[in-house]
Amino acid sequence: MKLKKKASSRKLPHPRPVDALVYPRFSGIPTFMRLPHVTDPSELDVALIGIPFDGGTTYRPGPRFGPRNVRVQSAMIRPWNPVLKVDPFEKLRVGDFGDLSINPLSIEDTYRRITEQLGEVLRADARTICVGGDHSILLPILRAIHRHFGPVAFIQFDAHGDTWGGYFGSPHSHGTPVKYAVEEGLLEPGCALQVGLRGQVYSEDDFEFARKHGIAMITSEEFHEGGIELMKRHLRKHRNRNVYVTLDIDVVDPAFAPGTGTPQVGGFSSAQILSAVRALHGLHIVGCDLVEVSPPYDNGEITSLLAANLIYELLCLF
Ligand code: MN
Ligand code: MN
């Protein structure tokens with residue numbers, strides 16, 4: 001996507017990662033990709049934003065520490081992408097916006113806060129890449145995106161559809177955001193795609209919501225069979241539309257990404273998810289997020305490292 005350059009900031013030099021030949025990568029205060037911490041969204045084309053909320057988790061907790069650990073592991077990111085042939089920091093003004101203010105004790109209050117704070121960023125004409133946090137944060141993000149862009153085409157990388165209803169009397173959890181996004185009309189009908197679904201569900205009825213609402217599904221098994229070509233055929237519908245991308249790290253196999261809330265075996269390898277994200281190149285992406293990194297369950301920080309690289313790849317799509 002080509003973003004309009006901001007007149008106000010055109011003369012300022014682009015924010016750049018800290019020079020690793022002056023300050024080695026293990027030094028300094030961690031920010032996403034060692035970019036400057038920029039709190040004025042009008043200075044940015046793309047804001048990298050942490051949302052450290054995991055109050056929607058139903059199994060393993062911990063994604064509240066996701067943004068912090070992904071920042072640390074993003075220290076190895078270098079600017080040039082030899083596959084997509086782009087330096088995103090050269091093309092765009094990118095910065096670490098910091099973390100949103102959330103309420104760790106209330107999902108409803110957190111939802112209000114996220115929608116409001118993201119609204120301010122979007123109104124300043126900056127695009128958002130949010131780092132969770134559990135997947136419950138998707139709903140308030142999409143509410144903000146919808147206010148700004150109207151209904152969006154939707155791509156979800158996830159082992160789970162997240163179209164379940166309430167949980168223990170609460171309407172919201174990390175298993176519900178897509179259901180409410182559809183019911184609230186935040187997504188363009190007929191333009192939603194879920195990739196990487198797998199694992200046991202309670203019954204075949206669990207896919208009923210997606211079928212009823214025309215959400216296309218590529219299971220992990222189908223992806224292993226049909227690969228990127230299968231995905232690209234589905235993506236034809238997304239061309240020339242505003243597209244929102246959400247990436248739940250559990251789409252990746254726990255052998256590659258063990259640090260997550262609800263692991264499912266049989267998922268993507270690191271290489272497969274990198275290719276799948278790069279296959280979105282050319283779409284008109286208006287926002288994205290990466291969620292469900294749970295550092296306490298990680299081994300050798302490999303999940304946070306993969307997440308950091310995927311955020312960089314998502315950034316390159318802009
Ligand atoms: Mn999910
Ligand atoms: Mn999931």
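Remember, it's 1-based here, ligands and their atoms both numbered in the order they're listed.
Checking Glu292 against the Mn ion (ligand 2), every N/O/S atom stays at or beyond the 2.8 Å cut-off. Taking backbone and side-chain atoms together, Asp158 has an N/O/S atom less than 2.8 Å away from the Mn ion (ligand 2).
Side-chain contact between Arg241 and His284: absent, with no pair of heavy atoms (C-beta onward) separated by less than 4.5 Å. By the 4.5 Å heavy-atom criterion applied to side chains, Phe157 and Phe223 are not counted as neighbours. No side-chain heavy atom of Ser173 sits less than 4.5 Å from a side-chain heavy atom of Ser136.
The Mn ion (ligand 1) lies closest to atom OD2 when only the N/O/S atoms of Asp162 are considered. Residue His135 approaches the Mn ion (ligand 1) most closely through its N/O/S atom ND1. Looking only at N/O/S atoms, Asp248 comes nearest to the Mn ion (ligand 1) through OD2.
Remark: at the Mn ion (ligand 2), atom ND1 from His160 and atom OD1 from Asp250 enclose 100°, rounded to the nearest 10 degrees.
Tyr312 and Phe89 have tilted rings, their planes meeting at an angle from 30° to 60° on a 0 to 90° scale.
Considering all non-hydrogen atoms of both residues, Arg198 and Val265 come closest at NE-O, 3.0 Å.
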